[in-house]
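In what follows, a structure is listed as structure tokens, so that the remarks can point back to it.
Quantities reported herein were computed from a predicted structural model and do not represent experimental measurements. Just follow the structure's listing: the first ligand is 1, and inside any ligand the first atom is 1.
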Amino acid sequence: MDSASSTPVRKPRHGDELVCDVDGYDRRGWAVGRAVDPQGRAYRVRLRGAVPGDRVRVAVVRRRGERIDGTSVGHLARGPDLVESRCRHFGTCGGCSFQDLAYGAQLAAAHAAVTQALALHGLEASVDAVLGDPEPWHYRNKMEFTFAARRWIEAGEPEGVDADFALGLHVPGRHDKVMDVEECVIAFGEAQGIVRDARDLAREAGLAPWNLRDHTGLLRHLVLRKASHSDQILAYLVTSTEAATLVDPFAQRLCAHQPAITTFVQGINTRPASVAVGERDRVLTGPGFITERLAGLDLRISPTSFFQTNTRQAELLARLVREEALVGGSSPECVFDLCSGGGVLSLLLASSAGRVVGFEIVPSAVADALANARRNGIDNVEFVEGDVARELPAHAGGPPPDVCVVDPPRAGMHADVVRALGKLAPRRIVFVACDLAASGGDVAALVAAGWSLARVRPIDLFPHTPHVECVLTLER
Ligand SMILES: C[S@@+](CC[C@H](N)C(=O)[O-])C[C@H]1O[C@@H](n2cnc3c(N)ncnc32)[C@H](O)[C@@H]1O
């Protein structure tokens, strides 16, 4: 269609088409570009289905002032870094929205995103090149699938097809519907077969999927984790009630079909919140955890403890943190590891420090960290269970740490943590950020409190997605 001749004099609205020149990405990984309407008015467009350098016809989804959200409905010219996407769900599943961008260009986009995030928070530092993943496919060691009573119907499916049971991933922006995942090019290889068998066996057994609208149904989530060193696989089935007479035979049948599963745990989540964490767990087969080796450490990983989802790159990340924390071969007397998860970074630093204290809120992660210290014969670490915003100020009166590692969740740290760090005044802070646009404010607050940002080292833990991990070193 000729967009210019069919677009009316009024400002663009839903369904209208414009031509858009794509020139970059925003911080959420949407492609962005510029379009001009027939009256010569310019708009900033945010869209899916295009890469920088593309010229596309874009269908307007919504407009706010001079900003338009849209969908690419056809290419007029292709950017130099556009590549074929590999996955059949690309475009529907929002999981890896950069899959159609050449990997080298993804790393360049990640570098630009880090630079932008620093500027957003008024921070200045030179940013190292992003360390890419040498094998950027099937890297995810953990997948969290959701059961739903409403299935997303994909383009091309016949009319009247069954849509009352799904096991897969949420379609972006549709928290009520789940797309059956038939393939995933970033998940570990066995995940595809396990999720397919789990879906078939659950349907055969007549087990009801969770219904988000009326909070009925049994099956809520299936989390799969694989340890790459031991090849062990953990299946964590989250249900709304215990229902052992239904769940136990299902678990047995799934394990019989998929002998690669080495442990099966049921988590029981009776609350309405759609989280893949049980209020209590039942171990149905195996030890209830998997074991992994990372950076020379022997680690156990339980269903709900944090572990980086890309094992190969997590090893590299751990090495960077170690290098930055122990710069010049220093041996700090005391190291604090804030948000220590299963203890990986604490344990890694323990051999070069007098004492390490980890702070972590999730009890199963603290239990893993303590068990991991024992497994590795490390006795100069301790772990404080609780909210670091409360626990760190309580430690501010004791012997101060020389080095703090800070590895908060995506949203960043509570202001009380920043204040407590100001009092503890470690000479060096190694800040690990998985979303610098969100947690850059914490880094800026530390700079305002007297540290200087010495180095930024980005690393790609999440190929084909807009996310990038960063190690930032602050010194005083
Ligand atoms: C990005 S992970 C880092 C884990 C660990 N450093 C690692 O490398 O495996 C963030 C961790 O912070 C923990 N966490 C989240 N909020 C917290 C809080 N308020 N206090 C303490 N820990 C918290 C999470 O449970 C998670 O284990």
Completion exercise
Counting heavy atoms under 4.0 Å, the part of Ala314 that contacts ligand 1 is neither
Handout entry: Closest to atom 14 (N) of ligand 1 (judged by heavy-atom distance), picking from Asp407, Val362, Ile361
Key = Ile361
Handout entry: Heavy atom of the protein closest to atom 13 (C) of ligand 1 (residue, atom name, distance)
Key = Glu360 OE1, 3.2 Å
Handout entry: Heavy-atom gap Gly386 to ligand 1 smaller than 4.0 Å
Key = yes
Exercise for the section: Consider ligand 1: state whether an atom of it lies below 4.0 angstrom from any non-hydrogen atom of Pro408. Expected result: yes
Practice task
Answer with yes or no whether Gly342 contacts ligand 1, where contact means a heavy atom under 4.0 Å from a ligand atom.
Solution key: no
Problem - Side chains of Thr291 and Arg375, donor plus acceptor under 3.5 Å - result: no
Exercise for the section: Report yes or no: do Gln106 and His464 form a side-chain donor-acceptor pair below 3.5 Å? Expected result: yes
Practice task
Answer yes or no: does an N/O atom from Val388 fall short of 3.5 Å to an N/O atom of ligand 1?
Solution key: yes
Practice task
Verify the distance criterion only: is there a donor paired with an acceptor across the side chains of Gln266 and Thr239 at less than 3.5 Å?
Solution key: yes
Fill in the blank from the handout: Quick note on ligand 1: atoms under 4.0 Å from a heavy atom of Gly341 include exactly 4 (C), 5 (C), 27 (O)
Handout entry: Distance-only side-chain donor-acceptor flag, Ser364 / Ser302, under 3.5 Å
Key = no
Handout entry: Within-cut-off N or O pair, Cys339 and ligand 1, under 3.5 Å
Key = yes
Handout entry: Short side-chain donor-acceptor distance under 3.5 Å, Tyr236 and Asp281
Key = yes
Exercise for the section: Would you please indicate yes or no on a ring centroid separation below 6.0 angstrom for His221 and Trp210? Expected result: no
Problem - Which of the ligand 1 atoms, numbered from 1, are nearer than 4.0 Å to a heavy atom of Leu345 - result: 6 (N), 8 (O)
Exercise for the section: Would you check if there is a donor-acceptor pair between the side chains of Ser230 and Glu292 at a distance under 3.5 Å? Expected result: no
Completion exercise
If you compare Phe306, Phe307, Phe359 by their heavy atoms, the one closest to atom 4 (C) of ligand 1 turns out to be Phe306
Practice task
Check whether any heavy atom of Ser340 sits under 4.0 Å from an atom of ligand 1.
Solution key: yes
Handout entry: Neighbour count >12 (heavy atoms, 6.0 Å) for atom CZ, Arg293
Key = yes
Practice task
Check whether any side-chain N or O of Arg455 sits under 3.5 Å from a backbone N or O of Thr473 as a donor-acceptor pair, and report yes or no.
Solution key: no
Problem - Heavy-atom nearest neighbour in the protein, as seen from atom 15 (C) of ligand 1, with distance rounded to 0.1 Å - result: Pro409 CG, 3.5 Å
Practice task
Examine Asp387 against ligand 1 and note whether any of their N/O atoms are separated by less than 3.5 Å.
Solution key: yes
